[in-house]
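Input: a single structure, listed below in structure tokens.
Keep in mind it's a predicted model, so treat the numbers as computed, not measured. No hydrogens, no waters, no symmetry mates; every other heavy atom, side chains included, goes into these values. Chain naming here is simple, since letters A, B, ... match the order of the sequence lines and numbering starts at 1 in each.
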Amino acid sequence: MEIPKAYDPKLAEASHYSRWEAQGCFAPEVNRDPQAPVYTIVIPPPNVTGNLHMGHALQHTIMDVLARYHRMLGRRTLWLPGMDHAGISTQIQVEKLLKKEGISRHDLGREKFLERVWAWKEQYGGEILNQMRREGASVDWSRARFTMDEGLTRAVREFFVRMYEKKWIYRGEGLINWCPKDQTALSDLEVDKVEKKDGKLYYLQYPVMGSDRRVTVATTRPETMLGDTGVAVSPKDERYADLVGATLLLPIVGREIPVVADGFVDPEFGTGAVKVTPAHDPNDYAMGRRHDLPQVKVIDQHARMTPEAGAEFAGLDRYEARELVVAKFAELGLLEKIVDYEFSISQCARCRTVIEPLLSVQWFLRQAALGQQPLDLIGERHEPRFVPEVPYEKVYTNWLAGLHDWTLSRQLWWGHRIPAWYDEAGNVFVARSEEDARAAAGTNELTQDPDVLDTWFSSALWPISTLGWPDDTPDLKTFYPTSVLVTARDIIFLWVARMMMTGLEFAGEKAFDDVFITGTIFDKHGQRMSKSKGNGVDPLAVFDKYGVDATRIVLASIGTTDTRWNDTQVESYRNFANKIWNAARFCLMNSEGARVGEGFEGDPQTWALHDRWITSRLQKTTRDVSKAIEAYDFHAAVQTLYHFFWDDFCDWYIELSKADVTAAEASPARDAARSRVLSVLEQALRLLHPFMPFITEELWLRLPGVGAGQLHPAYSHAEPTIMLAAYPLTREELIDERAESEIAAIVELVSRVRNIRSEMSIKPGEPVRILVGAAEASLRAVFESGSQQIARLVRASEVTVGETTGGARAAARAVLAGGAEVAVPLEGLIDFAQERERLGKEQEKLGAEAAKLEAQLANENFVARAPAEKVEELRQRVADIAQRTTALTQTLEALA
RNA sequence: GCCCGCUUAGCUCAGUGGUAGAGCACACGCUUCACACGCGUGGGGUCGUAGGUUCAAAUCCUACAGCGGGCACCA
């Protein structure tokens, strides 16, 4: 057998994925059991412009673990992939390319520009999909969707038209977030609030007409005063009570504006008087409507001043205008003061440009209406179930409870065009197609609305649209609702909540049962990874360095935790992969005559102790890992697998089996022992497969005896592959507590002797004799029957088991559980002082523990109020310690 | 202003009302016939601070501190 000593991940990663794909293993149709339960995940579609980052890798790993696990359990499993057209990002990407050619999208015109975007998408878009292959993502490529597919476009129009018919979508004038750089409206969720330190608050004085009084207003944006149409004060504010209804003369502009009383105004803040600019501030907009104040637009979509701002200002940038306004106020003697002031500003989440609130005609969706069903569902039934529940259920609920209208229209070209047409008179016709619109309008002379929809509008439909909605397709019937949504927390509002809205509204059922929110991966300093900071860790580089499987298992155990990335944890799982490789290498090097699935025949009670033990450990591992995956506790699942494989299987089972497995002479006993290690390995590989698909497949296929017999019945027709093997089920009847405690006794014995060897500086190669004493016959039997194995593990030339270890003075000793003890005779080698010190330390430790326990038992309240079994347990421990202490004392006395 | 999370070994993180855990790092010893990406042994924490509840608190409650997040507002 020529198996390399070190595992090379590239070997396994090169071939298996394309074979799985070619054999149709990723499609739910591979499952031939029509009765099988269904398991569905739709991927959060990455942006077509995107590249794989750690966040994706984390989400994809979680989804793949779940998909592979449920697939191995025989569920009809669909993990549906796809991409998002990513409106602004994509448009800007292509515009950048055009700029290099010296042209703008306007030079090309809308149609030609869109042709360019599609061409770009075909050529460069979706690199991330190839990167997903590298990850091992078991997605059904045959069902891959793009949010601008024909089918999804139909879904978008259907959504829009139905909402319009319900009057939940409307067109109207509103104050929206405008990005002066991207030249489009944005929803509230696409705007970030940023704390700014170096702001200023300007105190401006407005003269009261017919009086020499002045009203001072405080503002952070003096330039907007050009659009002021009122000043508001609190109705409770006595300072201004007599001014309500008075008229002010707006400086510079010369406009006469009223003083109004409005409850919004906080008399404690600033001067208690607020300038009102209805066209450029959300609160002022609302106040303006309450008091019928005119809206004067003084800033345009390029964030420059309009002609309405006055000839001096028209065309100036908003910040230039600010300086000029302040200078004029100073000149007029109306600038009271300027103070430093911290305030936050709104930025475009994409390009960081300061947002300009702008009054314009847009399309809106009444989210509060659409959000009612999700709000009821989470309130009444706690659905969907969030993992982790805290804090996300609350975050989600609070957002749904306070929904505002969603600004849908975007002044872009790339995206779903709004299905609204206008006739020459300006009448609007919303329809599923231009033909329908024409029919409704009774004319062919229609112009379609030039705007497109927010990218998230099509995303909101993702779970249903990808499965065929608005048609009632077999896929929709079969795979909806989906089982779980795995995503990052920053799109709970943008996406998760909205999918619940559309799912409940259009499919009549929640979009998913569970929502798994992954943690955030920071750099090693705790900083968020970002392109601009250049501190991102490239998953592909980590794959190259440590292998995909090692990276995946680290990501899986990160799960919902915020964590600082460091390569050392990946390195340790790279080592784990190598451990698996070498354990398999050992099994395969000794596999002549062995077959997977054999070696464990007959009544388990007749099996050797270590075989009963590993079988029991395997059952508990299977049980715990399955439970952990079902509870989305991937960290626990990984820990359990790691320790089972490394500690139980490699450190102990293989070592305990070694003599039998490596026997020089072929024999049925040797074949059986070899089959057993092979069979346990095979089960372990299946348990590990969802986390580490590549190495497990690579090794599994090499095991003698694997084939159709290991496949889940639903896949029995398929080519053998571990990904279609049955996930192990727990066989409770094979859990053997007695075997576990007996092996624990042997493990303790071996560890104590090794400790003695190490502390006494006995050369590793030097054989020792050991004497084991146990008063209890059953324990003696365990040591006696294991004496060959014990001898091997501690490098003993002789293991003698008796009722006592005898009185040999020149021996190092240790006290074991169950009243047993072990002695290592060290004729002429022992340093009595050193041995006394070693035992003395141990005695001290026991004494301290006993004192603590006895104090507790002496507490009447404890004995009276603690559960009886707890008290009994403590008494047991005290008795055990007492026994050990007695034995230690005798040993020490013998040494004296 | 409102809401929330985190604080455990040098590092990254688990965990839990009843004997403090892992990996890495560290120390010592090992060419032990699967593996030095390994084997064996060992050291290391008053579980952020102060109170409270309890027979028992690192775990539950309260306050505080530090770090971080979300929402609202910001004239």
Side-chain angles (χ1 to χ4, degrees), chain A residues 3 5-7 193 199 201-204 217-221 224 231-232 264-266 269-277 281 283-284 287 341-345 388 390-392 394-395 398-399 402 489-490 492-493 520 522 524 526 528 546 550 554 557-558 561-569 571-590 633 635-636 638-639 642-643 650-651 654-655 658 662 750-751 754-759 761-765 792-795 849 852-853 856 859-867 870-871 873-874 877 881:
Chain A
I3 304 170
K5 277 175 93 163
Y7 172 55
K193 298 286 163 67
L201 192 58
Y202 302 84
Y203 286 73
L204 310 179
V217 295
T219 179
T220 56
R221 300 198 60 192
T224 62
V231 166
F264 167 79
V265 180
D266 173 6
F269 190 92
T271 62
V274 187
K275 60 193 271 316
V276 182
T277 322
D281 179 276
N283 295 309
D284 293 7
M287 271 195 287
Y341 180 64
E342 278 181 28
F343 65 107
S344 59
I345 51 171
V390 177
Y392 300 116
K394 204 166 170 182
V395 166
N398 290 346
W399 188 71
R489 59 170 163 256
D490 50 357
I492 290 176
F493 308 148
T520 305
F522 301 101
K524 63 181 171 187
R528 192 173 272 275
Y546 300 105
V554 167
S557 52
I558 285 174
T561 316
D562 285 358
T563 196
R564 298 178 182 207
W565 183 265
N566 63 336
D567 275 4
T568 60
Q569 45 184 339
E571 192 177 332
S572 90
Y573 282 100
R574 186 272 316 260
N575 296 350
F576 180 52
N578 193 57
K579 188 72 180 178
I580 296 170
W581 180 260
N582 274 288
R585 183 164 173 261
F586 171 80
C587 295
L588 288 167
M589 282 165 58
N590 297 287
D633 186 356
H635 186 273
V638 168
Q639 289 301 307
Y642 184 95
H643 290 294
C650 293
D651 287 353
I654 286 183
E655 295 304 330
K658 224 165 213 177
T662 60
V750 168
S751 300
R754 283 171 171 171
N755 170 256
I756 287 169
R757 291 192 67 120
S758 181
E759 299 263 313
S761 303
I762 299 166
K763 293 221 158 47
R792 188 185 174 98
L793 292 172
V794 302
R795 308 204 124 221
E849 203 184 330
K852 214 167 108 185
L853 296 175
Q856 209 174 337
N859 182 342
E860 284 171 29
N861 278 326
F862 171 72
V863 179
R865 302 199 190 190
K870 202 83 236 169
V871 177
E873 186 191 311
L874 236 67
R877 269 163 54 201
I881 290 170

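Between A:Leu201 and A:Lys852, the residue whose closest nucleotide on RNA chain B is further toward the 5' end is A:Lys852. Mapping A:Leu874 and A:Tyr642 onto RNA chain B via the closest heavy atom, the residue that lands nearer the 5' end is A:Leu874.
Rounded to whole Å, the P atom of B:U53 lies 15 Å from the corresponding atom of B:U62. Rounded to the nearest Å, the gap between the C1' atom of B:U59 and that of B:C2 is 28 Å. For the P atom pair drawn from B:C11 and B:C4, the interatomic distance equals 30 Å after rounding to whole Å. For the C1' atoms, the distance from B:C6 to B:U12 is 15 Å, rounded to whole Å. Separation of the P atoms belonging to B:G70 and B:C28 is 47 Å when rounded to the nearest angstrom. Comparing B:G29 with B:A36, their C1' atoms are spaced 14 Å from each other, to the whole Å. Separating the C1' atom of B:G43 from that of B:C35 is a span of 27 Å, rounded to the nearest Å. When the P atom is used for both B:U49 and B:C73, the distance is 39 Å, rounded to whole Å.
Every side chain to side chain contact (heavy atoms under 4.5 Å, CB included) that A:Arg221 has, sequence neighbours left out, goes to A:Thr219, A:Glu223, A:Thr224, A:Ile299, A:Arg318, A:Arg322, A:Glu356, A:Pro357. Residues passing the side-chain hydrogen bond (donor to acceptor under 3.5 Å, both in side chains) test with A:Trp399, sequence neighbours excluded: none. Every residue two or more places apart in sequence or in another chain that forms a salt bridge (charged side-chain N to carboxylate O under 4.0 Å, His left out) with A:Asp562 is listed here: A:Arg489. Considering only residues two or more places apart in sequence or on other chains, A:Asp651 meets the side-chain hydrogen bond (donor to acceptor under 3.5 Å, both in side chains) condition with none of them. Not a single salt bridge (charged side-chain N to carboxylate O under 4.0 Å, His left out) links A:Arg754 to another residue, sequence neighbours left out. Under the side-chain hydrogen bond (donor to acceptor under 3.5 Å, both in side chains) criterion, A:Gln856 pairs with no residue at all, not counting sequence neighbours. Partners of A:Glu655 by side-chain hydrogen bond (donor to acceptor under 3.5 Å, both in side chains), not counting sequence neighbours, listed by chain and number: A:Lys658. Listed by chain and residue number, nothing satisfies the salt bridge (charged side-chain N to carboxylate O under 4.0 Å, His left out) test with A:Lys394 (two or more places apart in sequence, or in another chain).
Taking atom CZ of A:Phe522 as the reference point, atom P of B:U12 lies 13 Å away to the nearest angstrom. Distance OH (A:Tyr573) to P (B:C24): 10 Å, rounded to an integer number of Å. As rounded to whole Å, 11 Å separates atom C1' of B:G29 from atom CZ of A:Arg757. If you take CG of A:Asn398 and C1' of B:G69, they are 14 Å apart, rounded to a whole angstrom. Rounded to whole Å, the distance from NE2 on A:His635 to P on B:G15 is 7 Å. Atom C1' of nucleotide B:C28 and atom CD1 of A:Ile762 are separated by 15 Å, given to the nearest angstrom. Rounded to whole angstrom, the span from the NZ atom of A:Lys193 across to the P atom of B:C71 amounts to 9 Å. We find that NZ of A:Lys763 is positioned 14 Å from C1' of B:C28, with the value rounded to whole Å.
Taking every side-chain heavy atom of A:Thr568 into account, B:C24 is the closest of B:C24, B:U12, B:G18.
Considering CG of A:Asp284 and CZ of A:Phe264, their distance stands at 7.5 Å, rounded to 0.5 Å.
Residue A:Val265 is classed as a base contact, given a heavy-atom separation below 4.0 Å to a base. Residue-level contact check: A:Gln856 touches the bases, meaning some heavy atom is under 4.0 Å from a base atom. Counting any heavy atom pair closer than 4.0 Å across all strands shown, A:Thr277 reaches no nucleic acid atom. Using a 4.0 Å heavy-atom cutoff across all strands shown, A:Arg221 reaches no nucleic acid atom at all. As judged by a 4.0 angstrom heavy-atom cut-off over every strand, A:Phe264 is placed among residues touching the sugar-phosphate backbone only. Residue A:Gln639 is classed as a sugar-phosphate contact, given heavy-atom separations below 4.0 Å to backbone atoms only.
For the salt bridge (Lys or Arg N to Asp or Glu O under 4.0 Å) condition, the pairs that include at least one residue of residues 571-585 of chain A, sequence neighbours left out, are A:Glu571-A:Arg574.
Proximity of A:Val274 to A:Phe269: side-chain heavy atoms (C-beta onward) are nowhere separated by under 4.5 Å.
Between the side chain of A:Asn755 and the backbone N or O of A:Ser751, no donor-acceptor pair lies under 3.5 Å. Proximity of a side-chain donor or acceptor of A:Ser572 to a complementary backbone N or O of A:Gln569 within less than 3.5 Å is detected.
Checked against a 6.0 Å centroid threshold, the rings of A:Tyr642 and A:Phe576 count as neighbours.
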**Prompt:** If the sugar-phosphate is the primed atoms plus P, OP1 and OP2 and the base is the rest, what is the B/S/- string for nucleotides 32-42 of chain B, using protein heavy atoms under 4.0 Å?
**Reply:** S-BBSBSSSSS
**Request:** Let me have a per-nucleotide readout for nucleotides 4-9 of chain B, 5' to 3', with B, S or -, counting only protein heavy atoms under 4.0 Å.
**Result:** SS----
**Bracket string, RNA chain B, 5' to 3' - pairs by Watson-Crick or G-U geometry under 3.5 Å, | interstrand** = (((((((..((((....[..)))).(((((.......))))).....(((((..]....))))))))))))....
